[in-house]
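These notes concern the structure reproduced below.
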Amino acid sequence: MRLSAVKGTFDILPDDQPRWRHLLDTTARVLGRAGVDEITTPIFEHREVFEKSVGESADLVVQKEMYTFQDRGGRWLTLRPEFTAGVLRAFIEHGMHTWPSPVKLWSAGPAFRAENVQRGRFRQFHQVNCELLGGDSALLDAEAIALLVDTLSAAGLPGVHVKVGSVGDPEDRERYNGYLREALAPFERELSDTSRERLRLNPMRILDSKDAGDQALVAELLRPLDMLGNAARGHFDEVLAALERWGITYEVESAIVRGLDYYRRTAFEVHHAGIGAQSALGGGGRYDGLIAKLGGPDVPGVGWAFGIERVLDALSGEGVGPVERRRPLAYLVALDAEAVGELAALARRLRAEHRVEHSYTPRNPGKGLRDADRSGARLAVLRGSRERAAGVVMLKDLRTGDQQSLDLSELPDALRRSAGASQDDSARLAATRDH
RNA sequence: GUGGAUGUAGCUCAGUCGGUUAGAGCACCGGAUUGUGGUUCCGGGGGUCGAGGGUUCAAAUCCCUUCAUCCACCCCA
């Protein structure tokens, strides 16, 4: 059987890399300016890290989608299905609650879920994650949303659709779930199977049901937003006020529901049309109490993640085209065996400044220039017996066809001059792709 | 877990009322051009027709099974 990538995984080939690089560079720049520092945590953790964070009502659904395995020492480990739990584990382990507050951290990398594959859903996928830890100010909720919007905007998606809601404080949720149970109890037999299950475990999620019958039953009921306590209501209003003040357009979602029950108060999502059925680019919310639940100090936090593949998908749809791959400045063509060694040594020196490639076997000029042309190099440098006798190289501009014989000592300067010119090219290229 | 569509060369795809040796474009290699690339022209290599089984004188083509990919449902941290 021919080997292939595992279902739900894929290779990011050299031609794809510039787009990824661009998105990650943009992320680092935007978040860095906001005082968010990068943190890298392991891609697997003790299973408890994720099991504790996930919560009881969700674990039935969610745990079976986690890649959990036993290593040779008998440890139970889980490939991270998301970033938050691992980052919080690091926060606790390194005593970050003593750092100047708030502690702002971002990460990027792969995550793993054993899901069925479709557009925008993979088993190994990649996320950018951001956490703002140690403050309960509504300003931090708003900042989190702003950072998500600003990052996507800077990457080339200025018009994402922001949905903001609040799931309230724990007591609000309890009250609301009680209300739902009471209101829906008479209709229990009319609910869909999953919703009947949810009625016991987490009634709020019934609001999420796509079943038409379920939707009809809940249509007339109050939404979570309608039953927020004073504290959560005030907090939510402050978040919205900040967003308005900053000119961030949003839509209030009266029944925003998230699959995990660690969310408190603010929850939000960003959506984009045209990336298939999975329209969510990312989302997040506030999770006060989660750090304590994981065994740390009772420090509040708010965070989000977006899916890199989905954002790139959206960017393609926006006509933000593939970014051109890096090309060498010069390709050194060895015309005889001795030149191969000479040029390899020369290339090594030139590489201190430029991207330079060279032939590894003797080539005739025709083949050598074709090699140079295919590499995408702007310049070809030829060296053979004639050049050696004169102590020179032949420098050829592959676009104009101009060529000149050049003393070896003059080559570095000549390359520097051309490098200046081709940087202008790449600047133009960058300008067109950043529209 | 469920449903639909699709699997033919490295890539994109033609080819199925069953019938010679399975084709094209692009890509790759060589030559025209043994010290000058791109364009052009000529030639060449490359295929378990996803896999297994069945029907048939004969299967890429028909039947069954299976796997994979894509899309969607379910679910979604």
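Proteins get letters first, then strands, A, B, ... in listed order; numbering begins at 1 in each.
With both pairing distances under 3.5 Å, rC28(B) is matched to rG44(B) as a Watson-Crick or G-U wobble pair. Across all strands shown, rA58(B) has no partner, as no Watson-Crick or G-U wobble contact with both distances under 3.5 Å is found. Across all strands shown, rC17(B) forms no Watson-Crick or G-U wobble pair with both distances under 3.5 Å. Judged by Watson-Crick or G-U wobble contacts below 3.5 Å, the nucleotide rA68(B) has rU6(B) as its partner. Under the Watson-Crick and G-U wobble criteria, each requiring two contacts below 3.5 Å, nucleotide rG1(B) is paired to rC73(B). Nucleotide rU34(B) forms no Watson-Crick or G-U wobble pair with any nucleotide shown, as no partner meets the under 3.5 Å limit on both distances.
Nearest-nucleotide positions on RNA chain B place E387(A) closer to the 5' end than the other of R119(A) and E387(A). Where F122(A) and Q278(A) meet RNA chain B, the nucleotide closest to each residue was compared, and F122(A) sits on the side nearer the 5' end.
Evaluation of atom-type donor-acceptor distances gives no pair under 3.5 Å for the side chain of D373(A) against the base of rG38(B). No N or O donor and acceptor, one from the side chain of K7(A) and one from the base of rU69(B), sit under 3.5 Å apart. If you check distances only, the side chain of N116(A) does reach the base of rG1(B) with a donor-acceptor pair under 3.5 Å. Judged by distance alone with a 3.5 Å cut-off, no donor-acceptor contact links the side chain of E115(A) to the base of rG1(B).
Counting only heavy atoms from C-beta on, R386(A) has its side chain closest to rG35(B) among rU2(B), rG37(B), rG35(B). The side chain of R121(A) lies closest to rC75(B) when the candidates are rU36(B), rC70(B), rC75(B). Of the candidates rA72(B), rC70(B), rG35(B), the closest approach to any side-chain atom of V117(A) belongs to rC70(B).
rG47(B) sits 28 Å from rC63(B) when the P atoms are compared, rounded to a whole Å. For the P atom pair drawn from rU48(B) and rG1(B), the interatomic distance equals 30 Å after rounding to whole Å. Only the C1' atoms considered, rC71(B) is 33 Å distant from rU55(B), to the nearest whole Å. Taking atom C1' on both nucleotides, rG37(B) is separated from rA59(B) by 48 Å, rounded to a whole Å. Comparing the P positions of rC62(B) and rU20(B) gives a spacing of 16 Å, expressed to the nearest Å. As rounded to the nearest Å, rU33(B) and rC42(B) have C1' atoms that lie 13 Å from one another. A gap of 14 Å separates the C1' atoms of rA22(B) and rG18(B), to the nearest Å. With both ends at atom P, the span from rC13(B) to rG53(B) equals 29 Å, rounded to whole Å.
The side chain of R370(A) places an N or O atom within less than 4.0 Å of a non-bridging phosphate oxygen (OP1 or OP2) of rG30(B). At rA72(B), one or more side-chain N or O atoms of Q118(A) fall inside 4.0 Å of OP1 or OP2 (strictly under the cut-off). For rG31(B), one of the phosphate oxygens OP1 or OP2 lies less than 4.0 angstrom from a side-chain nitrogen or oxygen of K367(A).
Distance, E357(A) CD to rG37(B) P: 21 Å, rounded to whole Å. Counting to the nearest Å, the C1' atom of rA32(B) and the CG atom of N364(A) are 14 Å from each other. Spacing between atom CZ of R123(A) and atom P of rA68(B) amounts to 9 Å, rounded to whole angstrom units. Atom CZ of R374(A) and atom P of rU39(B) are 9 Å apart (whole Å). In this structure, L207(A) places its CG atom 14 Å from P of rC75(B), rounding to the nearest Å. What separates CZ of R363(A) from P of rU34(B) is a distance of 14 Å, to the nearest Å. The CG-C1' distance, from L13(A) to rG10(B), rounds to 12 Å in whole Å. Rounding to whole angstrom units, NZ of residue K396(A) and P of rG38(B) are separated by 10 Å.
Under a cutoff of 6.0 Å and an axis angle of 45°, R310(A) and F306(A) do not form a cation-pi pair.
Residues V49(A) and T78(A) are not in side-chain contact: their nearest non-hydrogen atoms beyond the backbone lie 4.5 Å or more apart. Looking at I12(A) and Q17(A), their side chains come closer than 4.5 Å, going by heavy atoms from C-beta outward. By the 4.5 Å heavy-atom criterion applied to side chains, L281(A) and H271(A) are not counted as neighbours. For the pair V36(A) and C130(A), the minimum side-chain heavy-atom distance is below 4.5 Å.
Using a 4.0 Å heavy-atom cutoff across all strands shown, A372(A) reaches no nucleic acid atom at all. As judged by a 4.0 angstrom heavy-atom cut-off over every strand, T84(A) is placed among residues making no nucleic acid contact. Residue contacts shown for G283(A) are absent, as no nucleic acid heavy atom lies under 4.0 Å away.
The aromatic rings of F91(A) and H97(A) sit tilted relative to each other, their planes meeting at an angle between 30° and 60°. Between W20(A) and F10(A), the ring-plane angle classifies as tilted under the 30° and 60° cut-offs.
Between the side chains of E131(A) and Y287(A), at least one donor N or O sits under 3.5 Å from an acceptor N or O.
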